[in-house]
Structure formats: structure tokens, C-alpha cells
Amino acid sequence: MWWDDMMDINLVPQYIVDTKKAYRKYRNYNLIKLDDLMNIEDYIIVVMTTNPYTYQEILSEIKQMDIKVRMVCSCAAIYYWNHRERMEAMLQVLEDEHSLISLVAMLEARVNGTLIEESIVDHRQYFSLHRFSCLNPKEVYIDAGAFVGDTLEQFLFEKFATFDSYYAFEPLKKNYNALEYRVKRLEKEWGIENKIICINSGLDKNSGKQEILSATPVSAQIGNNINKDDAEVIRTVSIDEYFAEKRISTIKADIEGKELDMLKGAEISIKKWRPIMAISIYHKPSDLFQIFEWIKEYGSEYKFSIRCHTANGGDTILYAY
């Protein structure tokens with residue numbers, strides 16, 4: 001997730017340490033163990049993880065070893081320092097104080113490898129702001145990354161099943177099968193018919209096919225640097241192509257770092273219909289400000305808020321409305 005962004009700021013490593021995968025190849029590097037650094041002097045370790053538990057585990061291991069390291073820091077600290085002007089520009093236009101607190105808390109968590117304070121975490125993901133939870137009988141909702149229907153179920157409770165149509169895009173077959181199963185149950189429970197449309201496809205800037213690797217039930221890796229033997233081939237489509245002249249009113253997206261590409265494939269629809277949006281900005285470091293910049297370019301009248309929905313900095317959402 002972070003590799004390309006780190007290369008963009010010229011943070012090119014001399015060694016890559018990965019104890020669990022030591023002596024395998026990654027790109028043009030031979031992966032090594034931390035022990036292999038014992039005879040090297042005067043270097044900096046950049047910790048390439050945003051998981052606070054893993055980060056602290058790595059720090060603890062380094063402290064226990066007699067290695068001559070000059071400094072240990074997070075990849076986030078270096079990356080966001082390089083783009084501090086863009087971060088400051090984003091801070092200037094956030095709509096409310098809670099957004100400022102949330103963004104700073106996320107940055108501190110990423111930079112220091114710590115958890116966000118519980119008082120800052122908002123547990124109503126995608127629906128924490130009034131504009132996203134109020135009833136709208138004409139609402140056309142796009143759920144990009146529908147997973148197994150968890151957001152859909154929450155949507156029905158928040159909206160009392162008051163909406164026009166709900167488009168659930170889920171590319172992974174296993175998740176899609178679970179989604180369809182859940183939709184059948186929810187339609188019976190809420191007494192609704194033909195309003196929830198399930199699409200076994202991902203949303204991207206273009207239509208086509210991609211390889212995706214689902215490492216855990218709640219995460220996946222998309223792109224060229226994955227194990228092809230374990231990958232699943234998925235179909236993709238753009239919002240502009242799929243909806244063409246169809247009206248849309250809301251876009252929710254959590255699609256493993258493909259959010260910006262999805263927005264690029266939705267330019268016509270966004271400019272025409274001006275949907276409200278709840279977009280994940282925590283996968284790639286550049287997502288944090290680039291997604292904001294793209295939406296602002298599409299519509300200067302948009303207002304922006306940010307909420308952190310988990311203590312580890314994941315599920316941080318940019319709300320545009």
C-alpha cells in the first residue's frame with residue numbers, strides 16, 4: 001500500500017527487513033532479518049506499518065538488540081512531513097472542530113504508532129453526520145465495497161428502509177455470495193422488494209479485470225505485486241459507465257486503496273448530481289489529502305468533515321457534502 005507513495009518522495013531503502021519472509025525476494029531486494037543489521041552502522045530504520053500493535057512490537061524488538069541504529073521512525077512521519085503544506089491546506093477548510101481533532105489524532109497515531117483516544121473515536125461509521133443519516137425517500141445509494149452487507153444492514157436501521165434504491169458493489173465471490181444471502185433476509189425482515197441491487201464487480205476508473213488477493217475476511221490487496229497463485233480475478237466498472245444518465249445521491253467507498261481511481265471514474269456523475277460522499281482515506285498515505293483535493297476540484301462548493309471510526313486509525317472517513 002505504501003511503496004509507491006514512499007518512492008515518490010525518494011525514500012528508497014538500502015535493505016528491507018521482514019523476519020517472517022527473510023531471504024525471499026521482494027521486487028529487486030533480498031529480504032533480511034533484523035539480526036543481519038548487527039554489523040552495519042549509522043543507519044535509520046523506517047517502520048513500514050500503520051498497525052500500532054505491530055509497530056510497538058517492532059520497537060520493542062529493536063530496543064532489545066544491540067544494533068547501532070541512529071534513529072527509528074515511522075513511514076508516516078517522513079511522508080506527511082514531506083507533504084505538510086497539503087495537509088495544512090486541508091486543515092484550513094474542514095467544517096468542524098471534531099474534524100480537526102480527528103485528523104490530528106489520526107496523524108499522531110500513524111506517526112507515533114499509538115492508538116487514538118476512545119473519546120475521539122466515532123462508532124457510527126458512514127452515518128455519524130446528520131446529512132448521511134437523515135431520511136430521503138429519493139436516495140440512490142452506491143455502496144462501493146459492500147463486503148457481506150454490514151453497511152447495508154446499518155443503512156436500513158438508520159433510514160428506516162426509506163430510500164429509492166441501493167447499489168451494492170462487491171467484487172470478491174465469497175463476500176458476494178454472503179451479501180446476496182443477507183439481502184434476501186433483509187428484504188423479508190423490512191418488507192422491501194427490488195430496491196437492493198447486488199453487483200459482483202469492483203468500482204474503478206475503467207471497466208476491465210484485475211487480480212485481487214483476500215488475505216483476511218476484512219481486507220484485500222489489489223495490483224501487480226501479489227501472489228498470482230492465490231489471486232482472484234475480478235471485474236471492474238466505472239460509476240460513469242454503469243450509471244450513465246442514472247441519478248445518484250450518495251457514494252460510500254471502502255475499496256482497499258482504489259478509492260481515488262473510483263472517483264476518477266465518477267467525474268461526470270459527481271459534477272452532474274453532486275452526491276454526498278463518505279470515502280475511506282486511510283489505505284494509502286496519499287489518500288489522506290489527494291482524495292480531498294480531487295473532490296474539491298470536482299465541486300468547490302463541497303464541505304468536508306473527517307471522523308475516525310476505529311482506535312488504530314483505520315476506517316478514517318472523509319465526508320463531503
Side-chain angles (χ1 to χ4, degrees), residues 94-99 101-102 106 116 118-170 175-176 178-199 203 217-218 239 243 246-256 259 262-263 266 269-270 273-282 291 295 302-311 313-321:
L94 291 176
E95 192 65 21
D96 56 301
E97 186 177 0
H98 197 107
S99 293
I101 294 170
S102 298
M106 182 202 179
I116 297 171
E118 179 63 25
S119 61
I120 298 173
V121 178
D122 186 318
H123 295 288
R124 288 181 64 210
Q125 187 173 357
Y126 307 124
F127 303 100
S128 58
L129 302 184
H130 175 68
R131 284 289 303 276
F132 293 81
S133 61
C134 62
L135 303 187
N136 177 6
K138 295 183 179 180
E139 184 161 22
V140 178
Y141 196 97
I142 297 176
D143 184 351
F147 188 43
V148 296
D150 52 330
T151 302
L152 168 61
E153 186 147 5
Q154 187 181 357
F155 172 88
L156 293 173
F157 276 103
E158 291 282 348
K159 306 281 186 170
F160 295 102
T162 303
F163 64 104
D164 179 275
S165 50
Y166 189 106
Y167 291 85
F169 290 84
E170 174 51 48
N175 293 346
Y176 182 77
L179 171 66
E180 285 195 311
Y181 181 85
R182 195 174 199 163
V183 166
K184 290 176 183 177
R185 170 177 66 81
L186 290 171
E187 286 179 331
K188 290 180 180 179
E189 289 178 354
W190 288 93
I192 54 180
E193 294 180 353
N194 304 319
K195 295 175 72 173
I196 304 170
I197 302 95
C198 299
I199 305 99
L203 286 173
V218 294
I239 286 177
F243 288 90
K246 296 178 187 175
R247 179 180 62 86
I248 62 174
S249 56
T250 309
I251 301 174
K252 163 260 167 177
D254 187 344
I255 49 177
E256 309 306 323
E259 289 82 3
M262 179 208 71
L263 290 171
S269 300
I270 291 172
W273 302 112
R274 198 187 177 279
I276 60 174
M277 291 178 272
I279 311 294
S280 296
I281 55 172
Y282 66 94
I291 287 173
I295 295 175
Y302 271 108
K303 297 178 180 179
F304 297 93
S305 294
I306 289 176
R307 294 293 185 270
C308 300
H309 297 294
T310 59
D315 291 333
T316 296
I317 304 298
L318 177 69
Y319 294 88
Y321 50 96

> Are the side chain of S280 and the backbone N or O of A253 linked by a donor-acceptor pair below 3.5 Å?
Replying inline: yes
> Does W273 reach the side chain of F243, with side-chain heavy atoms less than 4.5 Å apart?
Replying inline: no
> Atom CG of D122 and atom CD1 of I317: how far apart are they, to the nearest 0.5 Å?
Replying inline: 10.5 Å
> With a 4.5 Å limit on heavy-atom distance, are the side chains of L203 and I251 in contact?
Replying inline: no
> Strictly by modelled atom types, are Y126 and D315 linked by a side-chain donor-acceptor pair under 3.5 Å?
Replying inline: no
> Got a sec, which residues hit salt bridge (charged side-chain N to carboxylate O under 4.0 Å, His left out) with R247, two or more places apart in sequence or on another chain?
Replying inline: none
>> Would you compute the distance between atom CG of D254 and atom NE2 of H309 and round it to the nearest 0.5 angstrom?
In response: 10.5 Å
>> Testing the basics here: between P275 and I248, what is the closest heavy-atom pair and its distance to 0.1 Å?
In response: CG-CD1, 4.0 Å
> Taking the side chain from K159 and the backbone from C134, do they hold a donor-acceptor pair closer than 3.5 Å?
Replying inline: yes
> Roughly how far, to the nearest 0.5 Å, is SG of C198 from CZ of R182?
Replying inline: 11.5 Å
> Can you check whether P137's main-chain N or O pairs, donor with acceptor, with T162's side chain at less than 3.5 Å?
Replying inline: no
> Ring centres of F155 and Y141 under 6.0 Å apart?
Replying inline: yes
>> Looking only at the side chains, is there a donor atom on one of R307 and T316 sitting less than 3.5 Å from an acceptor on the other?
In response: no
> Between A146 and E170, what is the shortest heavy-atom contact and its length?
Replying inline: N-OE1, 3.7 Å
> Taking the side chain as C-beta and beyond, is there a heavy-atom pair between I276 and L129 under 4.5 Å?
Replying inline: no
> What's the shortest heavy-atom distance between E259 and I255, and which atoms?
Replying inline: OE2-N, 2.7 Å
>> So, taking the atom named CG in L186 and the one named NZ in K188, what distance separates them when rounded to the nearest 0.5 Å?
In response: 11.5 Å
> Is the closest basic N to carboxylate O distance between D143 and K252 below 4.0 Å?
Replying inline: yes
> What heavy-atom pair brings I295 and A320 nearest, and what distance separates the two atoms?
Replying inline: CG2-CB, 3.9 Å
> Considering residues at least two apart in sequence or located in another chain, which fulfil the salt bridge (charged side-chain N to carboxylate O under 4.0 Å, His left out) criterion with E180?
Replying inline: none
> Looking only at heavy atoms, which two atoms of F163 and I196 are closest? And how far apart?
Replying inline: CZ-CG1, 4.2 Å
>> So, taking the atom named CZ in F132 and the one named OG1 in T250, what distance separates them when rounded to the nearest 0.5 Å?
In response: 7.0 Å
> Can you name the closest pair of heavy atoms from L156 and W190 and give their distance?
Replying inline: O-CH2, 3.4 Å
> Do you see a donor-acceptor pair shorter than 3.5 Å between the side chains of Y321 and S305?
Replying inline: yes
>> Do T151 and F127 make a side-chain contact, defined as non-hydrogen atoms from C-beta onward lying under 4.5 Å apart?
In response: yes
> How would you list all residue pairs meeting salt bridge (charged side-chain N to carboxylate O under 4.0 Å, His left out) that involve residues 123-133, not counting sequence neighbours?
Replying inline: R124-E158
>> Does H123, at its NE2 atom, have more than 12 non-hydrogen atoms belonging to other residues, nucleotides or ligands within less than 6.0 Å?
In response: yes
> Does any non-hydrogen side-chain atom of L263 lie less than 4.5 Å from one of M277?
Replying inline: yes
> How long is the gap from CG on N175 to CZ on F147, to the nearest 0.5 Å?
Replying inline: 5.0 Å
>> With a sphere of 6.0 Å drawn around NZ of K303, does it hold more than 12 non-hydrogen atoms of other residues, nucleotides or ligands?
In response: no
